[in-house]
Structures are given as C-alpha cells and as structure tokens.
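Hydrogens, waters and symmetry mates are skipped; everything else that's a heavy atom, side chains included, is used. Numbering starts at 1 and runs along the sequence shown.
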Amino acid sequence: MEFIYEPERIYMKNEDGKVVAEVTFPENNGIANINQTKVDGSLRGQGIAGKLVKAAADQIIKDGNGITATCSYAVEWFSKHPEYKFN
C-alpha cells in the first residue's frame, strides 16, 4: 500500500478502499499543525504512524512551512527526531 498525498493530509487505503491510516496537518499563516495521526488496528506495530508523520514533516518542509504538532504521537515523534525543526 502506498500513501496518498493531498493538501494538509496524507493517508492510505486498503484494498477495499477504506482509509486505514491518516495524518492531517492544517496550515495557518505558514505553520502546519500535525493535529491527528490515526492507524487502523490491523496495521499497528508496522511503523506506519511514524512513516506518516515523517511524510507529513517532509511535505510541510517542501511546501516551505514551519511545523508544530498537537497530536500526542507527533509530539513524541519529533522529540526522537531532532533533525526536524519543530515550532
């Protein structure tokens, strides 16, 4: 399965078309807030949430925005990845 990229959202669908993993990052005044990371129980333990947050951070940087997070998973992820600047 591959990630699907949209403005302010990256997600993944299963073979039935159901969204099974998602990260959202609405942008306001040049700062994108990673505010939600969800992964279906069937995918837990595969590192999907971390891959989603990394993909979101990379997309936010590519778009020229700053990064902040209110999602508890994303906040923890950034604490373990100091190479990403976090506002």
Side-chain angles (χ1 to χ4, degrees):
M1 288 187 272
E2 294 185 23
F3 291 148
I4 301 164
Y5 288 74
E6 292 182 352
E8 303 182 356
R9 177 182 184 221
I10 299 171
Y11 62 101
M12 195 166 83
K13 292 182 177 182
N14 67 9
E15 57 278 350
D16 296 327
K18 177 186 173 195
V19 174
V20 292
E22 175 181 43
V23 63
T24 56
F25 45 98
E27 181 269 329
N28 186 19
N29 294 320
I31 303 292
N33 175 26
I34 300 176
N35 65 352
Q36 176 177 252
T37 306
K38 294 192 291 188
V39 177
D40 187 79
S42 65
L43 297 174
R44 300 245 168 146
Q46 298 180 38
I48 301 295
K51 290 175 185 174
L52 279 170
V53 172
K54 181 183 184 316
D58 290 342
Q59 185 63 46
I60 292 165
I61 292 166
K62 180 181 172 190
D63 292 343
N65 293 314
I67 304 170
T68 191
T70 53
C71 166
S72 59
Y73 180 86
V75 169
E76 182 179 336
W77 187 91
F78 281 106
S79 75
K80 296 175 183 176
H81 295 87
E83 66 274 20
Y84 286 90
K85 301 232 188 252
F86 181 73
N87 294 335

Taking the six-membered ring for Trp, are W77 and H81 parallel (under 30°), tilted (30 to 60°) or perpendicular (over 60°)? parallel
L52 vs Y11, side-chain contact (heavy atoms from CB on, under 4.5 Å): CA-CA, chis, key distance, verdict: CA-CA 8 Å; L52 279 170; Y11 62 101; 5.9 Å; no
Between G50 and Y73, the two heavy atoms sitting closest are N-OH, 3.1 Å
Indicate if I61 and I31 have the same hydrophobic cluster label, given that clusters are the connected sets of ILVMFWY residues with side-chain heavy-atom separations under 4.5 angstrom. no
Please assess M12 against I48 for the test side-chain contact (heavy atoms from CB on, under 4.5 Å), listing each intermediate value before the final yes or no. CA-CA 10 Å; M12 195 166 83; I48 301 295; 4.3 Å; yes
Nearest 0.5 Å, please: how far is CD1 in I10 from OH in Y5? 5.0 Å
Could you report the tightest heavy-atom contact between K54 and Y84, atom names first, then the distance? NZ-OH, 3.3 Å
Min side-chain heavy-atom separation I34-V53 under 4.5 Å: yes
For the residue pair N65 and A32, what are the closest heavy atoms and their distance? CB-N, 4.4 Å
Residues at least two apart in sequence or cross-chain that pass side-chain hydrogen bond (donor to acceptor under 3.5 Å, both in side chains) with S42, listed by chain then number, are D40
Looking only at the side chains, is there a donor atom on one of T68 and N33 sitting less than 3.5 Å from an acceptor on the other? no
Within the distance-only criterion (no hydrogens, no angle test), does the side chain of E6 pair as donor or acceptor with the backbone N or O of R9 below 3.5 angstrom? no
Give a yes or no on whether the backbone of N29 and the side-chain of E27 come within a donor-acceptor separation of less than 3.5 Å. yes
Take a 6.0 Å sphere around CG of D16 and say whether it holds more than 12 heavy atoms from other residues, nucleotides or ligands. yes
Partners passing side-chain hydrogen bond (donor to acceptor under 3.5 Å, both in side chains) against N35 (at least two apart in sequence or in another chain): T24
Atom of I67, atom of I60 and distance for their closest heavy-atom approach: CG1-CG2, 3.4 Å
Decide yes or no on salt bridge (Lys or Arg N to Asp or Glu O under 4.0 Å) for K62 and D58, but give the supporting numbers first. CA-CA 6 Å; K62 180 181 172 190; D58 290 342; over 6 Å; no
Step by step, work out the side-chain contact (heavy atoms from CB on, under 4.5 Å) result for E22 and Q36. CA-CA 8 Å; E22 175 181 43; Q36 176 177 252; 3.8 Å; yes
Shortest non-hydrogen pair, A56 vs V23, comes out as CB-CG1, 4.0 Å
Where is the tightest heavy-atom contact between K13 and V20, given as atom of each residue plus distance? C-CG2, 4.1 Å
Among all residues two or more places apart in sequence or in another chain, which pass the side-chain hydrogen bond (donor to acceptor under 3.5 Å, both in side chains) test with S72? none
At what distance, to the nearest 0.5 angstrom, does CZ of F25 lie from CD of Q59? 6.0 Å
